[in-house]
2 protein chains.
Amino acid sequence: MTPRARHLPSEERRAEAVEAVIKLAASANPEEITTSAIAARMKLTQGALFRHFPTKDAIWLGVMEWVSDRLLARIDRLAGAESDPLAALEAMFLGHVDFIAEHPGVPRMMAGQLQNAGETPAKRMARALVENYGNRLRRILAAARAEGVLPPGLDIDAAAALFLGMIQGLVMQNLIHGDSARMRTDALRVWVIYRAGLLAAVHTQEGGA
Amino acid sequence: MTPRARHLPSEERRAEAVEAVIKLAASANPEEITTSAIAARMKLTQGALFRHFPTKDAIWLGVMEWVSDRLLARIDRLAGAESDPLAALEAMFLGHVDFIAEHPGVPRMMAGQLQNAGETPAKRMARALVENYGNRLRRILAAARAEGVLPPGLDIDAAAALFLGMIQGLVMQNLIHGDSARMRTDALRVWVIYRAGLLAAVHTQEGGA
DNA sequence: GGTAAAAGCAAGCGATCAATTACTATTTTG
DNA sequence: CAAAATAGTAATTGATCGCTTGCTTTTACC
């Protein structure tokens with residue numbers, strides 16, 4: 001009568017655990033995701049988790065790797081499909097927003113990792129993701145400026161920071177309204193202003209105080 | 001020989017506790033701020049804290065009230081001192097950035113409260129702060145549009161969302177670089193782009209699908 | 001100046017969590 | 001097919017946390 005649960009190889013269980021964390025983070029504070037909760041969602045006992053991960057932070061590291069791989073792959077694919085750098089930037093932006101809409105827990109997890117006190121591997125991975133993302137942004141922005149699509153005096157670093165902030169703002173709105181569907185239309189509306197800012201930016205460089 | 005610590009009235013202790021939390025949050029994950037840590041910073045025993053607060057969330061509520069009062073008062077003062085609505089907006093923005101630079105733990109605490117699962121009083125207060133802040137933003141933006149300082153078709157809600165995102169982005173940059181002094185110069189650079197976006201925004205409203 | 005209220009300490013309770021242990025069940029493999 | 005390796009369970013450990021309790025010290029007040 002007992003269902004006699006199958007034993008799965010460790011690698012599959014690790015993937016399951018990562019997926020479980022992503023799903024759990026969609027509706028719970030990441031700090032409150034316990035090993036028991038992860039195990040329960042995998043239909044395992046809590047102790048069994050530690051057959052596949054040496055420590056809880058190793059699970060978080062796996063999660064951050066998952067996020068990094070998927071997000072960077074997606075934005076690279078979307079940006080690569082556009083020839084116009086501004087269109088590439090917009091595709092990156094909307095792709096990122098979609099990614100967050102599909103996995104609402106991701107920004108929460110990222111923030112949670114980044115503000116952890118110690119220097120855990122998972123935190124390093126999160127920081128690396130932000131840096132890689134920023135590098136891609138700056139590369140495209142610089143290309144657009146070089147092509148003359150964006151004004152020559154455009155402050156690339158500030159533009160990249162604002163790009164990331166735009167996403168952060170949408171996440172916060174989403175956190176308050178809880179309406180995930182609304183995020184995409186909001187994204188388009190915010191993009192209009194951001195785009196105009198890039199194109200019209202007056203360059204402090206030359207007109208300083 | 002014993003220093004014979006003075007007994008302070010409850011009200012002062014409550015203020016001390018709030019201050020202790022703000023200070024602690026500057027260098028620690030808010031979730032890790034235990035009642036023991038708060039008490040230690042006040043040079044009290046952990047149990048004594050509960051003479052002044054019925055529960056830990058009451059402490060958080062006090063902290064969120066502190067933040068709400070101080071932040072709103074500051075931006076109201078700064079915005080009120082300007083006659084030009086765009087200058088008022090910039091003053092609000094820089095004032096907010098300064099506030100965060102003075103109290104680096106504040107955004108972390110806000111985010112932490114907002115993503116808490118339950119419906120605690122402290123969470124309600126945090127949400128109310130964001131709403132009040134947004135209302136002020138939209139009011140000034142609408143006034144600027146009415147005065148003709150900003151284009152008539154400007155998307156007020158999107159502009160307000162981007163304003164908040166701009167701050168979130170700076171916070172995230174600060175979280176990664178850890179350089180609090182740099183935040184203000186970054187803020188000015190980002191503001192240039194945002195301002196240009198407001199002034200130049202093409203209005204989707206009329207050109208819609 | 002004596003007394004009650006307020007504020008403090010020290011200790012500990014119950015709950016929770018990550019990680020371990022001892023043992024059993026299932027796969028893999030020579 | 002037997003034996004080793006792998007994956008699982010159930011129970012437990014040690015640490016930590018929010019909060020309470022019993023008792024002492026300080027402050028406020030008539």
Side-chain angles (χ1 to χ4, degrees), chain A residues 1-21 24-25 28-64 109 112-113 116-118 120-123, chain B residues 1-21 24-25 28-64 109 112-113 116-118 120-123:
Chain A
M1 222 33 156
T2 343
R4 239 170 347 163
R6 294 210 28 235
H7 283 194
L8 292 183
S10 214
E11 196 176 347
E12 286 186 37
R13 287 298 193 204
R14 266 181 258 128
E16 272 186 29
V18 167
E19 185 190 2
V21 171
L24 284 170
N29 190 330
E31 312 272 346
E32 290 164 2
I33 297 177
T34 68
T35 53
S36 295
I38 301 170
R41 182 170 260 267
M42 299 168 65
K43 300 198 186 302
L44 280 185
T45 58
Q46 181 255 354
L49 255 183
F50 290 86
R51 292 270 171 212
H52 314 295
F53 295 93
T55 170
K56 193 192 183 186
D57 190 70
I59 304 180
W60 278 115
L61 178 59
V63 171
M64 297 322 288
M109 296 186 306
Q113 288 300 318
N116 265 347
T120 71
K123 182 177 180 179
Chain B
M1 224 29 160
T2 344
R4 237 171 351 162
R6 294 209 29 235
H7 282 194
L8 292 184
S10 214
E11 197 175 349
E12 288 186 36
R13 286 298 192 205
R14 264 181 260 126
E16 271 187 29
V18 166
E19 186 190 1
V21 171
L24 284 170
N29 189 332
E31 313 270 347
E32 289 165 4
I33 298 177
T34 68
T35 53
S36 296
I38 301 170
R41 181 169 262 267
M42 300 168 65
K43 300 199 187 298
L44 280 185
T45 57
Q46 182 255 358
L49 213 54
F50 289 87
R51 291 266 175 221
H52 314 295
F53 295 95
T55 171
K56 192 193 182 184
D57 191 68
I59 305 179
W60 277 114
L61 179 59
V63 172
M64 297 322 289
M109 296 188 305
Q113 287 299 319
N116 265 348
T120 71
K123 183 179 178 178

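Numbered from 1 within each chain, the chains take letters A, B, ... in sequence-line order. Basis for what follows: all heavy atoms, side chains included, without hydrogens, waters or symmetry-related copies.
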Sidechain-backbone polar pair: T55(A) side chain, A58(A) backbone, donor-acceptor under 3.5 Å: no
Write down the distance between [atom1] ([X]) and [atom2] ([N]), rounded to a whole number of angstrom.
X      : N       : atom1 : atom2 : answer
I38(B) : dC17(D) : CD1   : P     : 11 Å
K43(A) : dA10(D) : NZ    : P     : 15 Å
E32(B) : dA15(D) : CD    : C1'   : 15 Å
E12(A) : dT27(C) : CD    : P     : 12 Å
E31(B) : dC17(C) : CD    : C1'   : 15 Å
W60(B) : dG18(D) : CH2   : P     : 11 Å
F50(A) : dA22(C) : CZ    : P     : 18 Å
D57(B) : dC17(D) : CG    : C1'   : 15 Å

Side chain to side chain, N116(A) and E32(B), heavy atoms closer than 4.5 Å: yes
Side chains of E16(B) and L44(B) in contact at under 4.5 Å (non-hydrogen atoms): no
Atom pair CD (E19(A)) and CG (L24(A)), whose distance is rounded to the nearest 0.5 Å: 10.5 Å
Sugar-phosphate, base or nothing in reach of T45(B), heavy atoms under 4.0 Å: base
Sugar-phosphate, base or nothing in reach of A48(A), heavy atoms under 4.0 Å: base
Reading 5' to 3' through nucleotides 1-7 of chain D, protein heavy-atom contacts under 4.0 Å coded B for base, S for sugar-phosphate only, - for none: ------B
Donor + acceptor pair across side chains of S36(A), Q46(A) (<3.5 Å): no
Shortest non-hydrogen separation from A117(A) to K123(A) and the atoms involved: O-NZ, 3.7 Å
Contact summary for G62(A) and V18(A), nearest pair of heavy atoms: C-CG2, 3.8 Å
Residue-phosphate contact under 4.0 Å: T55(B) side-chain N/O, dC19(D) OP1/OP2: yes
Side-chain N or O of T35(B) closer than 4.0 Å to phosphate OP1/OP2 of dG18(D): yes
First of G47(B) and Q46(A) reached from the 5' end of DNA chain D, by closest nucleotide: Q46(A)
